[in-house]
Amino acid sequence: MKLYDLCVIEKNDFYEDIIGAFAIILEDCGIYYLVEIWMFKDNDGARVLGIAKDDLRPATEKEEKEFQEKWKKYIEDNE
């Protein structure tokens, strides 16, 4: 995975509520990535966290489309 790739959080030992959320890689920090996390709950925006590289996987095409749809709705709701 590389900068700005869309990923999905598969596991996390510290924050169970982010499992399954979308993550965009912002910076490679060695054993972890600094990511922008999008959960799209209640138009809450994004969180930025350091996530272990092993906790992420690349998003599938279907998930990328889902992210785009949710992103579009988020933008429309927050204009």
Side-chain angles (χ1 to χ4, degrees):
M1 292 180 284
K2 60 187 184 314
L3 293 182
Y4 310 115
D5 276 355
L6 180 64
C7 303
V8 175
I9 300 171
E10 286 199 308
K11 60 183 176 169
N12 187 275
D13 294 334
F14 303 104
Y15 303 100
E16 288 186 19
D17 65 320
I18 64 172
I19 295 172
F22 294 104
I24 299 171
I25 297 172
L26 300 177
E27 186 175 342
D28 186 338
C29 299
I31 61 170
Y32 69 94
Y33 289 121
L34 186 65
V35 297
E36 183 178 83
I37 299 170
W38 286 91
M39 298 181 358
F40 297 105
K41 289 184 184 178
D42 303 318
N43 288 324
D44 62 352
R47 293 165 50 181
V48 176
L49 288 173
I51 301 290
K53 290 180 177 182
D54 293 343
D55 290 355
L56 299 170
R57 66 166 174 78
T60 64
E61 276 187 46
K62 182 179 178 183
E63 290 166 331
E64 287 179 10
K65 288 178 184 176
E66 178 186 349
F67 177 84
Q68 291 171 353
E69 290 170 6
K70 288 182 176 186
W71 175 253
K72 182 179 177 186
K73 183 177 179 342
Y74 175 82
I75 295 298
E76 289 171 356
D77 291 349
N78 288 288
E79 285 186 309

Problem set entry | Verdict with supporting geometry, Ile18 and Leu49, side-chain contact (heavy atoms from CB on, under 4.5 Å) | CA-CA 10 Å; Ile18 64 172; Leu49 288 173; 4.3 Å; yes

For this session: Report the C-alpha distance between Trp71 and Phe22 in whole Å, list the side-chain angles of each, state the deciding distance to 0.1 Å, and finish with yes or no for ring pair (Phe, Tyr, Trp, His ring centres under 6.0 Å).
Result: CA-CA 11 Å; Trp71 175 253; Phe22 294 104; over 10 Å; no

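- Tracing side-chain contacts under 4.5 Å through hydrophobic residues (I, L, V, M, F, W, Y), one reaches Trp38 starting from Leu6; they form part of the same cluster.
- By the criterion of side-chain heavy atoms lying less than 4.5 angstrom apart, applied directly or through intervening Ile, Leu, Val, Met, Phe, Trp or Tyr residues, Tyr4 is grouped together with Ile51 in one hydrophobic cluster.
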Exercise. What's the verdict on side-chain contact (heavy atoms from CB on, under 4.5 Å) for Lys72 and Gln68, showing C-alpha distance, side-chain angles and the deciding distance?
Worked result: CA-CA 6 Å; Lys72 182 179 177 186; Gln68 291 171 353; over 6 Å; no

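- In this structure a side-chain-to-backbone donor-acceptor pair under 3.5 Å is present from Tyr33 to Met1.
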Exercise. Please walk me through it: do Lys73 and Glu69 pass salt bridge (charged side-chain N to carboxylate O under 4.0 Å, His left out)?
Worked result: CA-CA 6 Å; Lys73 183 177 179 342; Glu69 290 170 6; over 6 Å; no

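- Of all the heavy atoms in Tyr15 and Arg47, the pair that sits closest is CD2-NH2, 3.7 Å.
- Of all the heavy atoms in Ala21 and Met39, the pair that sits closest is CB-CG, 3.5 Å.
- What you find for Leu3 and Leu26 is that their closest heavy atoms are CD2-O, 3.5 Å.
- Cluster membership for Leu56 and Tyr32, using ILVMFWY side-chain heavy atoms within less than 4.5 angstrom, is not shared.
- Between Lys2 and Ile25, the closest heavy-atom pair is O-CD1, 3.5 Å.
- A distance of 6.5 Å separates CG in Asp13 from CG in Asp55, rounded to the nearest 0.5 Å.
- Lys70 NZ to Glu63 CD: the interatomic distance, rounded to the nearest 0.5 Å, is 10.0 Å.
- Comment: Asp28 engages Lys53 in a salt bridge, judged by a side-chain N to carboxylate O separation of less than 4.0 angstrom.
- Atom CD1 of Ile31 is surrounded by 12 or fewer heavy atoms from other residues, nucleotides or ligands within 6.0 Å.
- Taken to the nearest 0.5 Å, the OG1 atom of Thr60 stands 10.0 Å off from the NZ atom of Lys65.
- Taking a 6.0 Å sphere around CZ of Phe67, one finds it holds more than 12 heavy atoms contributed by other residues, nucleotides or ligands.
- Contact record, Ala46 with Glu36: CB-CG, 3.5 Å, taken as the closest heavy-atom pair.
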